[in-house]
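Below: the structure, in structure tokens.
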Amino acid sequence: MELIQQNPDLSAYLAADEVIDHDHPSVREVAARLAKEAEDSYAYARLAFEFVRDTIPHSQDSGDPRVTWRASDVLERRTGICYAKAHALTALLRAEDIPTALCYQRLDVVHGLVAVRFDGAWHRQDPRGNKPGVDARFSLRRERLAFTPDREAGEADYPQLYAAPHPAVLAALRAATDRAHLWATLPASL
């Protein structure tokens with residue numbers, strides 16, 4: 001699948017905003033700590049991916065009712081669904097000048113991923129968190145995502161790469177009073 005930048009200006013995929021708040025002290029602290037362990041930007045990206053995937057539980061898996069959507073809140077509260085974890089990873093990568101996009105799959109509901117730009121190409125990554133039956137890995141060679149869409153069931157990969165969260169995703173996150181409410185209002189498609 002050819003990934004398509006929604007914004008042709010690559011600098012848009014380095015920007016901070018209210019959601020991808022990589023200028024926030026909490027994001028900067030984690031980024032600095034991870035950067036000390038990395039010998040290059042590829043190693044940093046892998047460490048940031050593993051940090052979000054492995055140390056921030058997916059709230060559905062852990063039973064946490066809290067809804068987070070801002071990257072700094074995800075890092076501080078240590079919880080989030082796929083979208084929130086994608087926001088946190090995007091902020092950590094952009095904090096170290098690695099162009100990062102948000103992208104999505106349509107499964108039962110819309111699922112959030114990121115794409116990182118290395119060697120002139122975009123590479124999708126899924127920081128959702130592993131569990132039995134889910135084994136996402138950081139890879140630039142071949143995708144190692146949590147889920148593969150079932151085309152016969154109408155599931156799909158969306159090729160668009162967004163510099164900011166999709167408005168439907170962000171609206172659902174912001175309006176949710178808790179995870180149960182969020183689950184009832186997640187977008188089914190984009």
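As a basis for the values below, the full set of heavy atoms in this structure was taken, side chains included, without hydrogen atoms, waters or symmetry mates. Along the sequence shown, residues are numbered consecutively beginning with 1.
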Check: [X] side chain, [Y] main-chain N or O, donor-acceptor pair, under 3.5 Å:
X: Asp126; Y: Ala146; answer: yes
X: Asn130; Y: Ala136; answer: yes
X: Arg179; Y: Ser59; answer: yes
X: Thr55; Y: Val52; answer: no
X: Arg94; Y: Pro99; answer: no
X: Lys85; Y: Gly80; answer: no
X: Ser72; Y: Val27; answer: no

How far apart are the C-alpha atoms of Arg137 and Asp135, what are their side-chain angles, what is the distance that settles it, and do they pass the salt bridge (charged side-chain N to carboxylate O under 4.0 Å, His left out) test? CA-CA 6 Å; Arg137 304 277 175 189; Asp135 186 29; 2.8 Å; yes
Residues pairing under ring-ring contact (aromatic ring centres under 6.0 Å, His included) where one sits in residues 47-89, two or more places apart or in two chains, turn out to be Phe49-Phe138
So the ring-ring contact (aromatic ring centres under 6.0 Å, His included) pairs with at least one residue in residues 102-133 (sequence neighbours excluded) are Tyr13-Trp122, Tyr104-Tyr162, His111-Phe147
Are Leu173 and Leu113 connected in a single hydrophobic cluster, I mean Ile/Leu/Val/Met/Phe/Trp/Tyr linked by side-chain heavy atoms less than 4.5 Å apart? no
State, with a plain yes or no, whether a side-chain heavy atom of His166 is found less than 4.5 Å away from one of Leu102. no
I would like to know whether Asp157 and Gln105 meet side chain to side chain contact (heavy atoms under 4.5 Å, CB included); could you show each step before the answer? CA-CA 4 Å; Asp157 286 308; Gln105 294 176 313; 3.0 Å; yes
Count the heavy atoms of every other residue, nucleotide or ligand shown that sit under 6.0 Å from CG of Asp9, and state whether that count exceeds 12. yes
Those residues at least two apart in sequence (or on a different chain) that pass salt bridge (charged side-chain N to carboxylate O under 4.0 Å, His left out) with Glu155 are none
Between Arg78 and Asp64, does the side chain to side chain contact (heavy atoms under 4.5 Å, CB included) criterion hold? Intermediate values first, please. CA-CA 10 Å; Arg78 292 284 205 256; Asp64 193 325; over 6 Å; no
